[in-house]
Each structure stands twice: as structure tokens, then as C-alpha cells.
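Written out below as C-alpha cells is the structure these notes cover.
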Amino acid sequence: SKTLPNPLTTSLDHWGFWKGGNITTISNVENYCKNLLTEKSVATGFHDVALLNKVTYPTGGTSEITYQANYYRKFLKKNTDKKQIDLSTATANTICGGARVHKINDYDPVTQKTTNERKLEYILPGTTTSSGVIGYEPKYQALEVVNYQFTEYTSSGFCTYSKRASFFDISANSLGFNENLPEYHIGYSDVIEKHNNGGYVHYKYSSQADADTRESVEDTKTMVTLIPFDSWGSAQTNMKFYEIAEKSGVYLTNNLSHFRGKLLEKKSYNSAGTVVQQETYTYNKDVAKSKYQVGLISVSRGRSSYKIYTTPCLLVKKEIKDQHNNAYTEFYSYGKNSLLAKQRTVNSDGKELAVAYSYISDFLYSSLTTAEKRYYDKNQLDKPLTITKTVKENGTEKTIESLSFRYGGETKSNLEEVRQLQGTAMNNMISYFNYDAYDNPMGVLEKGTDYTMYLWSYKGTLPVAVIKNVNYQMVEQKL
């Protein structure tokens, strides 16, 4: 609904979002660089350009989406007196680049009346304070003043000279320096979703506001050269140690961005303000922080080391409780390559249901079949070999279902057979035949007697026919 920007425009804000202009050539580069904070300030009215604003469903109903600009209240700041990342608070809610969803309205296909309205508020509960948190505020300039003093021998004897030099560093791009590129530039610790029936949902997310997922300088090492010396004199800088480190790009942190933006808690309220259901989520951050590699950076003025965490963020516990204190807890454990190994569900009455998984990556390569090795060689390690379901009650555990998966194919691997434990024997449950070029099964045999044929189209994305009680050869003769 709005004019799109010129692809080459330089009219971008601090975070790279369009601010309405179409300037492609900077006439006075020096003035532009000296005034980057103003040149890259956020402009209102353009945050929703080129964003999806309406969805029409096959039934004729629609959903309309409206947006608003992002606002933050907290930001990070590198302490220049000691190696420490501080969480600072702005004096007011402050606009920053990009958009967030404000409202979603669903409309009836016949009456076109609103059937549901969801309004999202990004504030701390009971306040008007934004829950938005960004990384470091934009910074483009660093001024260092160095006073030199040196002694020189002349015909009149030794003379002492003093000289002041100013080093004014300007960077026209703060992205990557002020933000971690793998994550969005703003996160919200609290989001409230209000419904038109008076009920609402309160979501809490991990963000830079949390000490355990904030950028960390734990065990990082930083060294800088304070001032250039020579044998003829000395120099003194107006910058502190960590100011020089920041200026030189060696005041580095351990990147914890993959632990941020995760749902921590969800509370659902009815129109009377009573909690009807509460969900809490726990992740593996403590374990993941113990597994890392070390990154190094070295520049002319200094060097630094930092941690690179190698374990992805994984859900390890989920708890759900309703207003009647009915509850259950899910526990998740992981094996090789961070694949789910076991999921346990414990009800409030103590009954436990568990599902255990094994994958081709859990076994020695030499023990795999040819088809399984093809998956392994392509790094498709998540193909299951077994799934076992057990139930535990009153201290007694028994298996309620056990499945095994067999893969085949002469030149290309596909699932051929699923077997199920019946008594003490694994019997065939489902067989798959004749995969198409898009890896869709065309023939399925269930329990050894029931044939079903599938015909696919739209480049293998959708089935166009399902034929019962015929095998592939019979259908192939008619095609």
C-alpha cells in the first residue's frame, strides 16, 4: 500500500530499515559521517512498508494485520572502568528500527464482522514501560586525544617539546559492532496478548534483560596497547583501558544470542483476570555454557579471546498446570548431535509415559545398511531406527509399543518398512513402494493386505488422488 524504496537508497536508519528517502548518492561525505546519529535516526510512518497485512482463506474469511514501530527501554553498555556489560535504562520508551505486530483481526466470510481480535502489548505488566531490550545503542565516533612529550638535543642544549594529537575514528556502519548479527536487534521480555472476549495471555521471553542470557565477558581475555612510546619521550591518552579496547574492536563478549527469544512462561487469563493455565519452559543453558571453543582476534592496538558455544539451545523441561491444579511435566533428554533421545511425561497422579528414540547416528557406521549409510554420508542423521513407548505406574514399567524402521533403495534411500512389536516378534505394519522423483510414496501396504495408491502433482507438493485396494502395477497399467 506504500511506495517501495529504491534498492540503492542510503536512507536507512541505525538498524538498516528504510526511513522514507530515496537518496542514492551522498553529496557531502564528510558532513554525512560527522552527523551519522542524525542521518540514521529512525523515521516514523515507514515501519510497515512491504509487510503482509491481509490473509484471505479458501472459505472467504480474512485476517488483517496491523503493525507498529519497535520501542525499547533497556539497552546494553560496555563498562569502561572494568570488564563488565551493564544493563542500562533509557529515560523513556525509545523508538528503534523495524516493526512489530500490533493487532490481528479475523473476519467472518459471510457477515464480514470481526470474529476475533488479538491485540499485542509489549510492556511490563501493569505499566506503560516498554519491555523492549536492544544490544548497544548506535555509536559511530570515537575521539582519542594523545599528549606527546619528547626531549631533543639542539645546539642550545636539551629542549623539551609537547604536542597534542587527536585521533577521530568514524564508522558509517554500527551493525555487527553494536548487535549480534545472528539475532534480531530487539527482544521483548514481556508480551501481553489481549482478546476481544476480555481474556488475555501473558508471555515471558528470555532476553538481554536476563543476567543468565545477557552477553557475557566471563573468562574473556583482553589486552591493548595504551599509548605509542619511543625512546625519545612519552605519551598520555585521555582514554581508559576499556575505552581503547572498545574503540579497537577487542572488547568482545561471549555470544549467548541462541538462548534469547525463547518462551519462558505463558499464563492464560479469563475475562475475570483468573489464571486458567500456566506453562513454564526450561532450557539447557547451564550445560551448553560448559561446552565451547575459543575464538581469537588480533588488531594493531590489541587482542582478545572469547567463547564460542557449540551446543544449541534445547528445551529440557516443560510444566503445565491448570486452575484446578491438574498438572503434568515433560522432560526431554538428548543424545548425539543434539537429537531427542527420550521424552518423559509425568502426570500429577505420578503416572509416567516415556518415548525413547534411536537414530542411525547412534550406531557404528560399519553396522549400518547401505541405505542407512547414504543418509549418514549426507549428514541426514535424524532418521529414526527405533521408537519405544513405555508406561510406568506404581513403580512398574511396561512397554506399550515398539516400532522399528527399515530403509532401502538401490541408488536412493527411502523408508521401506515399519515393524511393530507384537508379543515377542517384530511384525510388518506398513510397507512403502515406488517413491516418485520428489520422495513421495506412491504405494502403501498396511498389515500385509490393504493397498493404497497415492498420485502426486504440483511438483510433488500435493496428492491429487488416493486409490484404495489396488497395487502399484494395476494403476501403472491404466496410466
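The first residue in the sequence is number 1, and the count goes up from there.
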Considering residues at least two apart in sequence or located in another chain, which fulfil the ring-ring contact (aromatic ring centres under 6.0 Å, His included) criterion with [X]?
| X | answer |
| --- | --- |
| Tyr357 | none |
| Tyr107 | none |
| Tyr376 | Tyr365 |
| Tyr188 | Tyr122 |

Inset, instruction - Answer yes or no: is there a donor N or O on one side and an acceptor on the other, between the side chain of Thr213 and the main chain of Leu256, under 3.5 Å? - result: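 Looks like no, no N/O pair under 3.5 Å.
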Inset, instruction - Provide the full list of salt bridge (charged side-chain N to carboxylate O under 4.0 Å, His left out) pairs with a residue in residues 189-201, sequence neighbours left out, each pair given once. - result: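 Applying salt bridge (charged side-chain N to carboxylate O under 4.0 Å, His left out) to every pair that reaches into residues 189-201, excluding sequence neighbours, yields Glu121-Lys194, Asp190-Lys204.
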To the closest 0.5 Å, what do you measure between [atom1] ([X]) and [atom2] ([Y])?
| X | Y | atom1 | atom2 | result |
| --- | --- | --- | --- | --- |
| Asn53 | Ile104 | CG | CD1 | 12.0 Å |
| Thr80 | Lys240 | OG1 | NZ | 4.5 Å |
| Ser162 | Gln236 | OG | CD | 11.0 Å |
| Thr44 | Gln68 | OG1 | CD | 13.0 Å |
| Ile65 | Asp48 | CD1 | CG | 11.5 Å |
| Phe405 | Leu415 | CZ | CG | 7.0 Å |

Closest approach of [X] to [Y] (non-hydrogen atoms, all atoms of both residues):
| X | Y | result |
| --- | --- | --- |
| Leu314 | Asn284 | N-OD1, 2.7 Å |
| Ser131 | Leu124 | CB-CD2, 3.9 Å |
| Trp18 | Val49 | CZ3-CG2, 4.0 Å |
| Ser268 | Val201 | OG-CG2, 4.0 Å |
| Cys33 | Gln141 | O-NE2, 3.4 Å |
| Ala99 | Asn70 | N-ND2, 3.4 Å |

Do the side-chain N and O atoms of [X] and [Y] include a donor-acceptor pair separated by under 3.5 angstrom?
| X | Y | value |
| --- | --- | --- |
| Ser63 | Tyr57 | yes |
| Thr390 | Glu397 | yes |
| Asn22 | Asn6 | no |

Legend entry - side chain to side chain contact (heavy atoms under 4.5 Å, CB included) against Thr94, all qualifying residues, sequence neighbours excluded: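 Per chain and number, Thr94 pairs via side chain to side chain contact (heavy atoms under 4.5 Å, CB included) with Tyr72, Ala90.
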Legend entry - Thr25: partners by side chain to side chain contact (heavy atoms under 4.5 Å, CB included), with sequence neighbours left out: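 Expected list: none.
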Inset, instruction - Mind running side-chain contact (heavy atoms from CB on, under 4.5 Å) on Thr128 and Ile123 for me, showing each step along the way? - result: CA-CA 6 Å; Thr128 58; Ile123 55 176; 5.6 Å; no
Does [X], at its [atom1] atom, have more than 12 non-hydrogen atoms belonging to other residues, nucleotides or ligands within less than 6.0 Å?
| X | atom1 | answer |
| --- | --- | --- |
| Lys392 | NZ | no |
| Lys34 | NZ | no |
| Leu381 | CG | yes |

Side chains of [X] and [Y] in contact at under 4.5 Å (non-hydrogen atoms):
| X | Y | value |
| --- | --- | --- |
| Asn255 | Glu215 | yes |
| Asp13 | Phe46 | no |
| His102 | Lys119 | yes |
| Lys412 | Asp439 | yes |
| Asp210 | Ser189 | no |
| His47 | Tyr67 | yes |
| Thr220 | Leu252 | no |
| Leu340 | Tyr359 | yes |

Legend entry - Sequence-distant partners of Arg344, salt bridge (Lys or Arg N to Asp or Glu O under 4.0 Å), two or more places apart: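 Arg344: salt bridge (Lys or Arg N to Asp or Glu O under 4.0 Å) contacts with Glu352.
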Inset, instruction - Could you list the residues that satisfy salt bridge (Lys or Arg N to Asp or Glu O under 4.0 Å) with Arg303, not counting sequence neighbours? - result: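 Applying salt bridge (Lys or Arg N to Asp or Glu O under 4.0 Å) to Arg303 gives none.
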Legend entry - Sequence neighbours excluded - ring-ring contact (aromatic ring centres under 6.0 Å, His included) pairs with any residue from residues 290-310: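 Qualifying pairs, neighbours excluded: none.
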Legend entry - Pairs touching residues 237-288 that satisfy ring-ring contact (aromatic ring centres under 6.0 Å, His included), sequence neighbours left out: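 Matches after skipping sequence neighbours: Tyr200-Tyr269, Tyr242-Tyr251.
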Is the shortest side-chain N to carboxylate O distance from [X] to [Y] below 4.0 Å?
| X | Y | result |
| --- | --- | --- |
| Lys289 | Glu218 | no |
| Lys77 | Glu246 | no |
| Lys247 | Glu243 | no |
| Arg118 | Asp106 | yes |

Legend entry - Trace of the side-chain contact (heavy atoms from CB on, under 4.5 Å) decision for Lys19 with Ser41: CA-CA 8 Å; Lys19 52 181 296 181; Ser41 61; 3.5 Å; yes
Legend entry - Audit row: Ser413, Arg374, side chain to side chain donor-acceptor pair (under 3.5 Å) steps and yes/no: CA-CA 7 Å; Ser413 299; Arg374 289 196 203 103; 3.1 Å; yes
Legend entry - Working for side-chain contact (heavy atoms from CB on, under 4.5 Å), residues Phe331 and Lys342: CA-CA 8 Å; Phe331 299 89; Lys342 192 171 186 178; over 6 Å; no
Inset, instruction - Kindly state each residue pair satisfying side-chain hydrogen bond (donor to acceptor under 3.5 Å, both in side chains) with at least one member in residues 326-336, sequence neighbours excluded. - result: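 Counting only pairs at least two positions apart or across chains, the side-chain hydrogen bond (donor to acceptor under 3.5 Å, both in side chains) contacts touching residues 326-336 are Asp322-Asn326, Glu330-Tyr332.
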Inset, instruction - Would you check, one step at a time, whether the test side-chain contact (heavy atoms from CB on, under 4.5 Å) holds for Lys78 with Ile85? - result: CA-CA 5 Å; Lys78 293 177 178 176; Ile85 306 300; 3.9 Å; yes
